[in-house]
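Encoded as structure tokens, the structure appears first; notes follow it.
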Amino acid sequence: MPEESRSPITIRGLTHRYPGNTIALKDVNLDIEKGMFGLLGPNGAGKTTLIRILVTLLKPTAGRVLINGLDLGKDRKKIRQLTGYLPQEFTSFARLTVWEFLDYVGCLRGIRPRSRRHTLIEKTLEDVGLYEARDRKASKLSGGMKRRLGIAQTLISDPQIMIIDEPTVGLDPEERVRFRNLLSDLSRQEKVILLSTHIVGDISSTCSRIALLNEGNLVFNGTPAELAAKVQGKVWKASITSQELDFFKTKYQVISAVPSEAGYELRIVAENFADGPAESVEPNLEDAYVYFMQSVDGQY
Ligand code: ADP
């Protein structure tokens with residue numbers, strides 16, 4: 001029962017049906033602890049629906065959510081004060097500098113007096129690596145810097161729960177790594193950091209727990225090591241000729257096909273491999289993700 005759960009976020013029997021009868025979430029049960037938690041799933045899996053419910057923008061059709069023991073159906077105002085949400089399309093005000101924007105956000109959130117607000121802004125800018133850019137117009141920042149400004153504006157009121165949607169979409173590889181490291185640093189501050197993403201790399205090195213959603217079903221909930229272990233003995237490497245590629249792509253779930261002298265080096269996830277010599281290899285999270293995404297309605 002939710003009352004007995006001590007997790008910062010407790011989700012029980014959560015179902016959401018949109019008009020037109022799309023069931024975006026189907027009886028989801030989940031406990032989310034402090035630290036980095038990855039919510040992973042392809043487009044249409046139900047991630048945004050779950051997040052919109054958690055940040056009180058959407059009322060679920062059925063089910064119950066407790067955040068720090070508060071009932072989402074009753075204590076919406078208090079829950080909003082506990083949570084910081086960074087949506088995918090975060091926009092700041094083009095005319096304001098980084099500093100002015102954070103000062104404005106701080107005023108809106110009622111952080112007073114001015115001296116306390118300014119100390120907090122300085123600390124936050126240091127934390128997200130934007131102190132040097134404090135006098136730049138927000139509109140002139142790079143994609144990665146804008147995302148970090150987004151984090152800064154959620155951090156400024158020191159939320160216990162941070163919810164971040166598609167954290168690295170549109171970032172170049174260097175910024176992607178930097179942004180992941182920033183989130184990982186923040187997760188040491190006794191917060192819940194919930195990342196929603198369809199990119200395995202966003203969560204593989206940073207999240208201590210992962211939930212996988214597919215077509216509204218929670219198909220996996222556990223640690224990254226447990227996720228990879230689900231496909232132990234099901235990942236294969238095989239050398240094939242170029243002519244064979246179409247056959248293998250039709251018959252198997254191909255993770256990668258790297259051109260080689262003979263044709264291709266395939267990486268495949270399958271229960272069994274019976275089409276020539278193949279080597280069983282150590283699974284990674286990408287393999288497990290692909291494996292779970294082909295299984296709908298809890299077949300596995
Ligand atoms: P994700 O964020 O994982 O891509 P969503 O939560 O956005 O998934 O969508 C889950 C399902 O709900 C999809 O089938 C989507 O088409 C549907 N859906 C999302 N928003 C609406 C809406 N406002 N009205 C009707 N169907 C919707």
Side-chain angles (χ1 to χ4, degrees), residues 9-32 36-67 72-73 76 79-80 83-91 143 146-147 150-151 154 161-171 176 179-180 183 192-204 206-207 209-222 224 227 230 253 285-300:
I9 303 180
T10 307
I11 299 171
R12 292 290 179 272
L14 197 66
T15 295
H16 193 72
R17 189 187 293 266
Y18 284 107
N21 225 13
T22 304
I23 307 181
L25 293 173
K26 299 173 190 164
D27 192 21
V28 171
N29 295 291
L30 191 59
D31 292 301
I32 300 177
M36 287 261 270
F37 188 94
L39 181 63
L40 186 64
N43 285 336
K47 304 182 299 295
T48 308
T49 303
L50 176 55
I51 283 182
R52 288 175 61 84
I53 291 171
L54 293 179
V55 299
T56 73
L57 290 174
L58 187 68
K59 285 193 175 167
T61 312
R64 196 154 183 228
V65 179
L66 295 183
I67 295 187
L72 196 71
R76 302 173 84 77
I79 287 177
R80 282 195 191 128
T83 47
Y85 172 43
L86 180 59
Q88 202 180 334
E89 313 84 31
F90 155 74
T91 39
K146 273 189 190 143
R147 290 298 279 171
I151 289 290
T154 50
I161 294 167
M162 290 181 73
I163 299 181
I164 301 163
D165 209 356
E166 296 287 358
T168 65
V169 164
L171 300 189
R176 197 168 271 207
F179 197 72
R180 285 175 188 157
L183 295 179
V192 174
I193 302 188
L194 175 59
L195 297 185
S196 158
T197 182
H198 66 281
I199 299 170
V200 177
D202 278 346
I203 52 153
S204 54
T206 45
C207 291
R209 293 193 75 85
I210 298 172
L212 273 190
L213 275 180
N214 191 16
E215 298 186 1
N217 296 295
L218 182 73
V219 293
F220 172 85
N221 173 26
L227 180 56
K230 291 275 179 190
Q253 202 72 28
L285 287 186
E286 186 94 42
D287 302 324
Y289 180 58
V290 171
Y291 177 77
F292 274 101
M293 289 310 111
Q294 61 179 334
S295 63
V296 178
D297 287 328
Q299 267 176 287
Y300 292 100

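Note that ligands are numbered from 1 as they come in the structure, with each ligand's atoms numbered from 1 the same way. Nothing here was measured: the structure is a model prediction, and the numbers come from that model. Heads up: numbering here begins at 1 and tracks the sequence. These values consider heavy atoms only, across backbone and side chains, with no hydrogens, waters or symmetry-generated copies.
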Going through the distances and angles, do V65 and I67 end up as a side chain to side chain contact (heavy atoms under 4.5 Å, CB included)? CA-CA 7 Å; V65 179; I67 295 187; 4.0 Å; yes
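Minimum heavy-atom separation, K47 to L39: CD-O, 3.8 Å. Closest non-hydrogen pair, P42 versus Y289, comes out as N-OH, 3.1 Å.
For atom 3 (O) of ligand 1, the candidate residues are E166, K47, R17; the nearest heavy-atom contact is made by K47.
Residue, atom and distance of the protein heavy atom nearest to atom 14 (O) of ligand 1 are T22 CG2, 3.6 Å. Looking only at protein heavy atoms, the nearest one to atom 2 (O) of ligand 1 is T48 OG1, 2.4 Å. From the protein, the heavy atom lying nearest to atom 20 (N) of ligand 1 is Y18 CZ, 3.4 Å.
Between L183 and the options T206, L195, T168, a side chain to side chain contact (heavy atoms under 4.5 Å, CB included) holds for only L195. Only one option out of L25, I23, N29 pairs with D27 in a side chain to side chain contact (heavy atoms under 4.5 Å, CB included); it is N29.
Atom numbering of ligand 1 starts at 1 in the shown order; those under 4.0 Å from a heavy atom of A24 are 10 (C), 11 (C), 12 (O). Heavy-atom contacts of N43 reach the following atoms of ligand 1: 4 (O) (cutoff under 4.0 Å).
For T49, heavy-atom contacts with ligand 1 shorter than 4.0 Å involve the backbone as well as the side chain. Contacts with ligand 1 closer than 4.0 Å are made by backbone heavy atoms (N, CA, C, O) of P42 only, the side chain lying farther away.
Ligand 1 has a nitrogen or oxygen under 3.5 angstrom from a nitrogen or oxygen of G44. Checked by distance only, ligand 1 and A45 come closer than 3.5 Å through their nitrogen or oxygen atoms.
The closest side-chain donor-acceptor pair between R80 and T56 falls under 3.5 angstrom.
Protein non-hydrogen atoms do reach within 4.0 Å of atom 25 (C) of ligand 1. Distance check on atom 18 (N) of ligand 1: some protein heavy atom falls below the 4.0 Å cut-off.
With contacts defined as side-chain heavy-atom distances shorter than 4.5 Å, the pair I164/T154 does not qualify. Considering only heavy atoms from C-beta on, I203 stays 4.5 Å or farther from M36 through its side chain.
The closest approach between any non-hydrogen atom of G46 and ligand 1 is below 4.0 Å.
Between R12 and D31, at least one side-chain N (NZ, or NE/NH1/NH2) sits under 4.0 Å from a carboxylate O, which counts as a salt bridge.
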